[in-house]
2 protein chains.
Amino acid sequence: MPPDEAENRSDPGALTRPQPDNDDVNFDIIELLFFAYRDFISDPDAILSKSKFGRAHHRVVHFVNRRPGLTVADLLETLKITKQSLARVLKQLIDSGYIHQVAGHDDRRQRRLYPTQKGRELAMELARPQSRRIAKALRDIDPGGQAAIRQFLKGMVDPQ
Amino acid sequence: MPPDEAENRSDPGALTRPQPDNDDVNFDIIELLFFAYRDFISDPDAILSKSKFGRAHHRVVHFVNRRPGLTVADLLETLKITKQSLARVLKQLIDSGYIHQVAGHDDRRQRRLYPTQKGRELAMELARPQSRRIAKALRDIDPGGQAAIRQFLKGMVDPQ
DNA sequence: AAAATATGTCAACAAAGCTGACATATATGG
DNA sequence: CCATATATGTCAGCTTTGTTGACATATTTT
């Protein structure tokens, strides 16, 4: 008799044993990623909760700060959201003076996005606690281990 | 004259240089975490898009499968969401026969949650592509590097 | 000149979070 | 035993951030 069947006999429909890692699945890293990301975004979220902006604004101001001059299309590709979804938050950031847009030099249909000084400061303020968390997590990990971490994270990303 | 001021002279309000890592911030790992997580959740999302469930259901069925018998309070603490938010998705999972609840043995106010066979199968189906992605990212990383990755992810999580 | 492209915008909707208020069952402490 | 605390459920309404579909405008490409 398979173990689950015996289990079900005493408690119909309810599997009572924990589900451990097995050949197919790597539950522990799945969970570590969930917990790490959950707390990683809690830092900027706490700061943003006192402002009129949210997570979506954070992402936009982050990437505009990191890659000044990117186009709207670049940003959509990076964030993997629709232009209507981006439009809402981008408009608020532009209207509030955090981001500045300029028609493209070669292709004047493009809107190239740049942070203002205020935008750069916001991006930095939000990045700081996240960086502190990362620094703490990397402390006591040797250079080889740190390289492995970067390689792993890169390997998790879809090609392109 | 500070460099940003000179920059602003020719292009008012727009900082045009990329923002590199510096002492305060570790932008590259911040971004790697964003991209890794973005694609990590895209696998189960694609499967769920053909069902009546979403990400929130995934999280619930995952943790119930991993820790059968956890209480509603445990789950709230793990997910860090409100009970009203959990109630919506949990009810749907119970009504559809993915999760089963039982009054606590000692404390009968508690509702202990268990996966049904169907629930366990869903959790596994959603975990499988994520595990494949993880396995691929870990391939070519030696045991020491893999230990560093686990240590890093654990270090990113808030204590408790 | 026609077609394609980059962007913006309107409207409606869905998922998943939130707050506040209140109900019920059960446990616990005096 | 009663009063209070706790675990859970539920109603109502709101917010943020995602989605589709349709259509407008400016500019580039063919």
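In what follows, every chain begins at residue 1, and chains take the letters A, B, ... in the order their sequences are listed.
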Novice: Quick check for you: among D:dA22, D:dT20, D:dT27, whose closest atom lies nearest to any side-chain atom of A:Lys83?
Specialist: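 In terms of side-chain proximity for A:Lys83, the closest of D:dA22, D:dT20, D:dT27 is D:dA22.
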Novice: Apply side-chain contact (heavy atoms from CB on, under 4.5 Å) to residues B:Gln19 and B:Phe27 and explain how you reach the verdict.
Specialist: CA-CA 9 Å; B:Gln19 173 80 73; B:Phe27 280 128; 3.1 Å; yes
Novice: Test side chain to side chain donor-acceptor pair (under 3.5 Å) on B:Ser96 and B:Lys118; report intermediate values, then the result.
Specialist: CA-CA 10 Å; B:Ser96 316; B:Lys118 204 172 150 192; over 6 Å; no
Novice: Quick check on the 6.0 Å ring-centre criterion: do B:Phe63 and A:Phe34 meet it?
Specialist: yes
Novice: Applying side chain to side chain donor-acceptor pair (under 3.5 Å) to B:Thr71 and B:Asp74, what does each step give before you reach the verdict?
Specialist: CA-CA 5 Å; B:Thr71 64; B:Asp74 292 338; 3.1 Å; yes
Novice: Under 4.0 Å, heavy atoms only, any strand: does A:Asp106 hit a base, just the sugar-phosphate, or nothing?
Specialist: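 Counting heavy atoms under 4.0 Å across all strands, the contact made by A:Asp106 is with sugar-phosphate only.
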Novice: Given atom CD of A:Glu77 and atom P of C:dT7, what is their separation to the nearest angstrom?
Specialist: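 Distance check: A:Glu77 CD to C:dT7 P gives 13 Å.
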Novice: Please tabulate, one pair per line, each protein N/O and nucleotide N/O from nucleotides 4-6 of chain D that are separated by under 3.5 Å, including the distance.
Specialist:
unit_1, atom_1, unit_2, atom_2, d
D:dT6, O2, B:Arg109, NH1, 2.5

Novice: Between atom CG in A:Leu113 and atom C1' in C:dT7, what is the gap in whole Å?
Specialist: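 Answer to the nearest Å: 11 Å.
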Novice: Can you check the A:Ile99 CD1 to C:dG8 P distance for me, whole Å?
Specialist: 12 Å
Novice: So that I can tick it off, tell me whether A:Arg66 and B:Asp21 are bridged by a salt bridge, with the cut-off set at under 4.0 angstrom between side-chain N and carboxylate O.
Specialist: yes
Novice: Is it the case that D:dG9 (base atoms only) and B:Lys91 (side chain only) share a donor and an acceptor within less than 3.5 Å, ignoring hydrogens and angles?
Specialist: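 Checked by distance alone, the answer is no.
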Novice: Rounding to a whole Å, what distance do you find between A:Leu76:CG and D:dT17:P?
Specialist: 16 Å
Novice: Check the surroundings of atom NZ in A:Lys136: do more than 12 heavy atoms from other residues, nucleotides or ligands lie under 6.0 Å from it?
Specialist: no
Novice: Verify the ring-centre separation between A:His57 and A:Tyr98: is it less than 6.0 angstrom?
Specialist: no
Novice: More 5' along DNA chain D: B:Ala73 or A:Asp107, using each one's nearest nucleotide?
Specialist: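 By nearest-heavy-atom nucleotide position, the 5'-most residue is B:Ala73.
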Novice: What nucleic acid atoms does A:Asp74 come within less than 4.0 Å of, heavy atoms only: base, sugar-phosphate, or nothing?
Specialist: nothing
Novice: Within this structure, what is the CG-to-C1' distance between A:Leu79 and D:dT19, rounded to whole angstrom?
Specialist: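 After rounding, the gap between these two atoms is 15 Å.
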Novice: Around atom NZ of A:Lys91, are there more than 12 heavy atoms of other residues, nucleotides or ligands at under 6.0 Å?
Specialist: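 Open.
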Novice: Round to the nearest Å and state the distance from B:Asp45 atom CG to D:dT19 atom C1'.
Specialist: 13 Å
Novice: Rounded to the nearest Å, what distance is computed from the CG atom of residue A:Leu48 to the P atom of nucleotide D:dT15?
Specialist: 18 Å
Novice: Please tell me if B:Gln101 has a side-chain N or O lying less than 4.0 Å from either OP1 or OP2 of D:dT8.
Specialist: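 Negative; the distance criterion is not met.
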Novice: In this structure, how many angstroms lie between the C1' atom of D:dT8 and the CD1 atom of B:Ile94, rounded?
Specialist: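 Atom-to-atom, B:Ile94 to D:dT8, this comes out as 11 Å.
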Novice: Nucleotides 10-16 of chain C: which of its N/O atoms have a protein N/O under 3.5 Å away?
Specialist:
unit_1, atom_1, unit_2, atom_2, d
C:dA16, OP1, B:Arg55, N, 2.7
C:dA16, OP1, B:Ala56, N, 3.3

Novice: Kindly indicate, with the supporting measurements, whether the criterion side-chain contact (heavy atoms from CB on, under 4.5 Å) is fulfilled by B:Arg38 and A:Asp158.
Specialist: CA-CA 9 Å; B:Arg38 181 197 65 184; A:Asp158 282 336; 5.6 Å; no
